[in-house]
Asks: 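Below you will find the structure I want to go over with you.
As the structure is a prediction and not an experimental result, all values here were calculated from the model. We use all heavy atoms of the structure for the numbers below, so side chains are in, but hydrogens, waters and symmetry mates are not.
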Amino acid sequence: MRVTNMELTNYQRALVIIHKLEDRFGSISKVPESNPKMQEIHRLLPMGRQSEDKNYARTEELNYLGYSNAHIAQVTHHGQATINSYFEKHSIKPKQIFYYKVVAPDHSRNCQIFCVNSSFS
């Protein structure tokens, strides 16, 4: 039975790549870091690849810019629960996402901006 990549998690995809590299090189430790497949493994499994301080600095920056916790988790390679607990531990409030819609003026007033909460879109 063949499973497509769309059905695999990052961990499972990394394992498939690791097995192919082991078949080719004999051991994953013999694969050069410059190998594109090895870099793909590091992208899929970023554990220990980035400094935690840098990653959390990026987390705070993305939060300041208004990105959702889900997006921050994806970009920084952390789980959403990790991002939420980090925010709680450091008393950081995640920003609420709002979408703005500009409505044409009705000539009696200036242009109005209506704020629509993202949960209703």
Asks: Tell me, do N10 and R13 make a side-chain contact under 4.5 Å, heavy atoms counted?
Replies: yes
Asks: Specify the closest pair of heavy atoms between E40 and I17, including all atoms of both residues, with the distance to one decimal.
Replies: CG-CD1, 3.6 Å
Asks: To the closest 0.5 Å, what do you measure between CG (N63) and NE2 (H90)?
Replies: 12.5 Å
Asks: With L62, which of I83, I72, N69 fulfils side chain to side chain contact (heavy atoms under 4.5 Å, CB included)?
Replies: I72
Asks: In Å and rounded to the nearest 0.5 Å, what is the CG to CD distance from L15 to E22?
Replies: 9.5 Å
Asks: Can you confirm whether Y86 sits close enough to E60 that some side-chain heavy atom of one is under 4.5 Å from a side-chain heavy atom of the other?
Replies: yes
Asks: Side-chain contact test, heavy atoms from C-beta onward, threshold under 4.5 Å: evaluate it for T82 versus T76 and give yes or no.
Replies: no
Asks: Can you name the nearest heavy-atom pair linking Q80 to A73, along with the distance?
Replies: N-CB, 3.7 Å
Asks: side-chain hydrogen bond (donor to acceptor under 3.5 Å, both in side chains), that's the test. Do E33 and H42 meet it? Break it down for me.
Replies: CA-CA 9 Å; E33 288 292 324; H42 290 310; 3.0 Å; yes
Asks: Using 0.5 Å steps for rounding, measure from the CD1 atom of I18 to the CG atom of D23.
Replies: 12.0 Å
Asks: Between L21 and M38, what is the shortest heavy-atom contact and its length?
Replies: CD1-N, 4.1 Å
Asks: How long is the straight-line distance from CD of Q39 back to CG of L44, given to the nearest 0.5 Å?
Replies: 12.0 Å
Asks: State, yes or no, whether a side-chain contact exists between Y67 and V75 at a heavy-atom distance under 4.5 Å.
Replies: no
Asks: To the nearest 0.5 Å, what is the distance between CG on N84 and CD1 on I92?
Replies: 11.5 Å
Asks: Determine, step by step, whether K20 and V16 satisfy the side-chain contact (heavy atoms from CB on, under 4.5 Å) criterion, reporting the C-alpha distance in whole Å, the side-chain angles of both residues, the deciding distance to 0.1 Å, and the verdict.
Replies: CA-CA 6 Å; K20 288 179 183 177; V16 169; 3.9 Å; yes
Asks: For N35 versus R24, what's the shortest heavy-atom pair and its separation?
Replies: ND2-NH1, 4.3 Å
